[in-house]
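Each chain gets a letter, A, B and so on, in the order the sequences are listed, and its residues count up from 1.
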2 protein chains.
Amino acid sequence: MGRTSDAKERLMAAISELIWIGSYGSTTIDQICDKAGVKKGSFYYFFGSKSELAVAAIEAEFCARRAELDAIFSPMVPPLERIIRLCDSGCARQVELKEKFGQVLGCPLFTLGSEICTQDNGLREKIQEVLDCHQRYIASAVREAHAAGLIEAPDAAAKARMLTAYFEGVLTQARILNSLEVLKEIPEGVLSILGAKRQSLVPS
Amino acid sequence: MGRTSDAKERLMAAISELIWIGSYGSTTIDQICDKAGVKKGSFYYFFGSKSELAVAAIEAEFCARRAELDAIFSPMVPPLERIIRLCDSGCARQVELKEKFGQVLGCPLFTLGSEICTQDNGLREKIQEVLDCHQRYIASAVREAHAAGLIEAPDAAAKARMLTAYFEGVLTQARILNSLEVLKEIPEGVLSILGAKRQSLVPS
DNA sequence: CCGGTAGTTTACTAAATAGTCAACTATCGG
DNA sequence: CCGATAGTTGACTATTTAGTAAACTACCGG
């Protein structure tokens, strides 16, 4: 059925990287097209605007992300370890990215969300959706840990909000400082927020 | 000594508000000039660029902020209460701003820092300086509280980092969600991070 | 192998934006 | 009240940017 293309995918990859390395406001459609090796005409063939492309890119990444989350939050893994694994994988990702781009980049959703939330409600809602989903995974692990008597957390959703506020806060600090140093305190910080009793975690 | 003017101050006020309401990348020099009631020629008479103006604006606000901090962190106030007061004043500010602008705006430095840190090192450094200063105030209170046996926090700087990561994280969540709701959990969250023993705080 | 469809390209317009400059004006000190 | 100084103005240029349109091309199904 006509000509085939992966230009759409290349555009999504390009905007993700550009936003992450720089910012949403400072990346132009021309830049996105250059990086994707796509002409502007094609850009507008697929997407109506930068905002629309960004939403599509987040959606696409979220699909892949879901598989990762399901692996990390496998019921086979003890609940508190799931949360620790989530943090570890997040930190490991920061290390890779620093390697690749020479910069600590933090959480793209949090950074982007805080940049554009007052200006682009469509994007804001999509970001909120993805962030919410992460919190729900965390809340479920918290609930389970509480039920198992590993921690005291009657309000699992509130605990999940607190954990993500802290975690995203540290990632953003790391981005601003351009330093991986602060990330090292995360496991300790997360456990202390969880109020984990010593040895409620299987030693890894 | 020639003609007098407060255009400089008006420009600084204008960029602050525009960045806060929107973002750094999306505010143009023309917009800043309009809001300040200043012609572009005058803008360039005072400042070499948007970045330079932003640095000046942060610097100026920081001067005023120092007085507030000194009041909040008065040695007359018990150390843990200083931290609680800092949080309360921060939250109260969010309520005012929501009133005024119809939006929750979060912390301008954190939002701006995470937006521009990879692109403008001068701005980044200035933001880092101000954020660091806040952390030092907090660390001093933590140190004192630890010395007084109110909390267990041998590494005051680390505790201060953790508190700010959490606090800024919640403020950013509030901005993204455009909701004051999440802020209500802050006092509780901060106290739990501090590991405050019950009644180590004088009841207000 | 051909026709329609999906995707590409180039060249274009209009608007927004950064930045410059020389002429102008108000104000302070003397 | 005058002259130097500090600040203002508007009109300008050059670029960058978003967005459009019409001709072109590759590919799949029949």
Side-chain angles (χ1 to χ4, degrees), chain A residues 1-60 112 115-116 118-124, chain B residues 1-60 112 115-116 118-124:
Chain A
M1 286 234 154
R3 203 165 170 175
T4 56
S5 163
D6 62 340
K8 223 168 169 168
E9 285 68 36
R10 279 179 304 165
L11 284 167
M12 295 192 290
I15 198 177
S16 293
E17 201 174 304
L18 286 168
I19 289 175
W20 213 345
I21 288 177
S23 69
Y24 182 81
S26 71
T27 83
T28 68
I29 293 176
D30 284 322
Q31 260 179 285
I32 297 164
C33 291
D34 274 4
K35 165 151 281 198
V38 162
K39 294 282 148 45
K40 212 161 40 185
S42 290
F43 176 99
Y44 283 104
Y45 175 74
F46 290 113
F47 302 100
S49 64
K50 185 170 75 167
S51 169
E52 208 173 278
L53 169 60
V55 170
I58 292 171
E59 180 65 43
L112 176 57
E115 179 185 348
I116 56 78
T118 61
Q119 307 169 63
D120 185 324
N121 201 48
L123 242 182
R124 206 208 96 242
Chain B
M1 311 157 135
R3 205 163 167 176
T4 57
S5 165
D6 63 341
K8 222 167 169 170
E9 285 68 36
R10 283 187 334 239
L11 284 168
M12 296 192 289
I15 199 177
S16 293
E17 201 173 306
L18 287 168
I19 289 176
W20 214 345
I21 288 177
S23 69
Y24 181 81
S26 70
T27 83
T28 67
I29 292 177
D30 284 323
Q31 261 179 284
I32 297 165
C33 290
D34 275 3
K35 166 152 279 199
V38 162
K39 293 283 147 45
K40 212 160 38 181
S42 289
F43 175 99
Y44 283 103
Y45 176 73
F46 290 113
F47 302 100
S49 66
K50 187 169 74 166
S51 168
E52 206 174 281
L53 169 60
V55 170
I58 291 170
E59 179 66 41
L112 176 58
E115 179 186 348
I116 56 77
T118 62
Q119 309 170 63
D120 185 326
N121 200 49
L123 242 183
R124 208 209 96 243

K.L.:
Mark yes or no for whether Thr27(A), through its side chain, and Ile19(A), through its backbone, hold a donor-acceptor pair below 3.5 Å.
P.N.:
no
K.L.:
Hey, mind stepping through Ser23(A) and Tyr24(B) against side chain to side chain contact (heavy atoms under 4.5 Å, CB included) and telling me if it holds?
P.N.:
CA-CA 10 Å; Ser23(A) 69; Tyr24(B) 181 81; over 6 Å; no
K.L.:
With sugar-phosphate meaning primed atoms plus P, OP1 and OP2, does Thr28(B) contact a base, only sugar-phosphate, or nothing at under 4.0 Å between heavy atoms?
P.N.:
sugar-phosphate
K.L.:
Does Lys8(B) NZ have over 12 foreign heavy atoms under 6.0 Å away?
P.N.:
no
K.L.:
Using atom CG of Asp34(B) as one end and atom P of dA16(C) as the other, report the distance to the nearest whole Å.
P.N.:
12 Å
K.L.:
Rounded to the nearest Å, what distance is computed from the NZ atom of residue Lys39(B) to the C1' atom of nucleotide dA23(C)?
P.N.:
16 Å
K.L.:
Take atom NZ of Lys40(A) and atom C1' of dA21(D), then tell me their distance rounded to the nearest Å.
P.N.:
13 Å
K.L.:
How many Å lie between CG on Leu53(B) and C1' on dG19(C), as a whole number?
P.N.:
15 Å
K.L.:
Quick check: on DNA chain D, is the nucleotide nearest Ser49(A) upstream (toward 5') of the one nearest Thr4(B), or the reverse? Name the residue that is more 5'.
P.N.:
Thr4(B)
K.L.:
What about Arg3(B), does its side chain sit under 3.5 Å from the base of dT25(C) through a donor-acceptor pair?
P.N.:
yes
K.L.:
Once you apply a heavy-atom cut-off of 4.0 Å, does Ser42(B) come out as touching a base, just sugar-phosphate, or nothing?
P.N.:
base
K.L.:
Looking only at non-hydrogen atoms, find the nearest pair between Ser42(A) and Val38(A) and report the distance.
P.N.:
CB-CG1, 3.5 Å
K.L.:
Roughly how many Å is it from CG in Asp30(A) to P in dT10(C), rounded to a whole number?
P.N.:
14 Å
K.L.:
Please check if the side chain of Gln31(A) supplies one atom and the backbone of Thr28(A) the other of a donor-acceptor pair under 3.5 Å.
P.N.:
yes
K.L.:
Once you round it to whole Å, what is the distance between P of dG19(D) and CZ of Phe46(A)?
P.N.:
18 Å
K.L.:
Find the distance Tyr45(B):OH to dT9(D):P and express it as a whole number of Å.
P.N.:
13 Å
K.L.:
Would you kindly give the CZ-to-P distance between Phe47(A) and dA6(C), to the nearest whole Å?
P.N.:
16 Å
K.L.:
Both Gly2(B) and Thr27(B) contact DNA chain C. Taking the nearest nucleotide for each, which residue is further toward the 5' end?
P.N.:
Thr27(B)
K.L.:
At under 4.0 Å, does any side-chain N or O of Ser5(A) touch on OP1 or OP2 of dA6(C)?
P.N.:
no
